[in-house]
Amino acid sequence: MQTFTSCMQCQVESYTPNFSSFGIKRIPDNGVIELTCDRGHRTFILMQTAKYEILSDLAVTAICDGYYREEVASYASALECLFEHYVNVVCRSHSINPDDIEAAWKPLRNSSERQFGAFAMLYLSETGKAFSTLDTKYINFRNKVIHQRFIPGHKETLDYGQAVGNCAAPLIALLHSPRYEKAQQAFFSDSLREKAKQAIKVGARHSTQWMATPFGGKNISAGFDLNAALAERAMQPDIDSTVAESYAFARLLALLSPSKS
Ligand SMILES: [Zn+2]
C-alpha cells in the first residue's frame with residue numbers, strides 16, 4: 001500500500017509546497033513513514049487511518065491488480081483487525097486503561113478464533129444481540145484459499161469481498177455512532193502519540209495524513225458496495241503521473257525564479 005508524500009519542513013520554511021519533494025512511499029506496518037527530502041530535511045508522516053481501513057484498501061488494490069488470493073487474505077485480515085479495534089474502543093468507552101486492554105488481549109493475539117470469541121461476547125454484552133458474522137461458506141472459502149493453497153477466480157473473490165463488507169459495515173457504523181465518539185477519539189489520539197515518538201526522539205518534524213478507504217466510516221455507513229469501491233478506484237488519478245508532473249512543475253518554477261534570470 002502506497003501513499004502520496006511531501007516534505008512538511010519545506011512547506012513550513014517557505015510557506016509553499018516544495019514540488020520536488022513530492023513522492024510515493026509504502027505505508028509500513030506501524031503507519032509511520034520516514035522521509036528525507038531533496039533539501040535534506042528528515043521528517044515523518046503519521047498515518048491517521050485505522051489499520052483495518054488500510055487492509056480494506058489493500059484488498060481492493062489486490063482485486064484491481066488481479067491478485068485474488070491476496071484480496072481474500074487482506075479482507076480476512078481487515079475483518080479480524082476490525083474486531084480487535086471494536087474491542088479496544090468499547091473497553092475505552094468503559095474507561096478501562098489501555099495497558100489493561102493490552103494485557104487482556106495479549107494471550108489472544110496469536111489465535112483469531114479466541115479473538116473472535118472475545119469480540120462476539122463483548123458485542124453481545126454491548127448490544128444485547130449476537131453479531132451477524134460471515135456465513136460458514138465464506139469462512140470455508142477463506143480457509144481453502146489461505147490454508148489449502150486454493151487459487152480463487154474473479155467472481156468468487158468479488159463475492160467474498162462483498163460478504164466481508166456486508167459483515168463489517170454495521171459494525172463500522174456502530175463505531176462511528178455518538179455512543180463511541182469519545183472512545184474513538186481517545187484511541188486515535190493515543191495511536192498518533194505512540195507513532196510520534198520516533199520523530200520526537202530524533203527531533204524531527206512530523207505531520208499526520210489521512211486517506212479515504214473502502215471501510216472508511218463516511219463511505220460505509222449506508223452499506224458496503226464493492227463494485228462502487230472498484231469504480232471509485234478506477235477513477236482515481238494515477239499517483240505516479242501526479243508525482244512526475246510535480247517534478248516538472250518544480251523544474252519550471254526553478255527556471256522562472258528571479259535568482260535564475
Ligand atoms: Zn524538505
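What's counted below: heavy atoms across the whole structure, side chains too, no hydrogens, waters or symmetry copies. Counting convention: from 1, in listed order, for ligands and their atoms alike.
For Phe150, the ring pair (Phe, Tyr, Trp, His ring centres under 6.0 Å) test picks out no residue, with sequence neighbours left out. For Glu53, the side chain to side chain donor-acceptor pair (under 3.5 Å) partners at least two apart in sequence or on another chain are Thr213. Not counting sequence neighbours, the partners of Ser111 by the side chain to side chain contact (heavy atoms under 4.5 Å, CB included) test are Glu113, Arg114.
No side-chain donor from either of His85 and Glu80 sits under 3.5 Å from a side-chain acceptor of the other.
Around the Zn ion (ligand 1), the protein contributes the following N, O or S atoms at distances under 2.8 Å: Cys7 SG, Cys10 SG, Cys37 SG, His41 ND1.
Hydrophobic clustering (side-chain heavy atoms under 4.5 Å, transitive across Ile, Leu, Val, Met, Phe, Trp, Tyr) groups Phe116 together with Ile139.
For His176 (side chain) and Ile172 (main-chain N/O), a donor-acceptor pair under 3.5 Å exists by modelled atom type.
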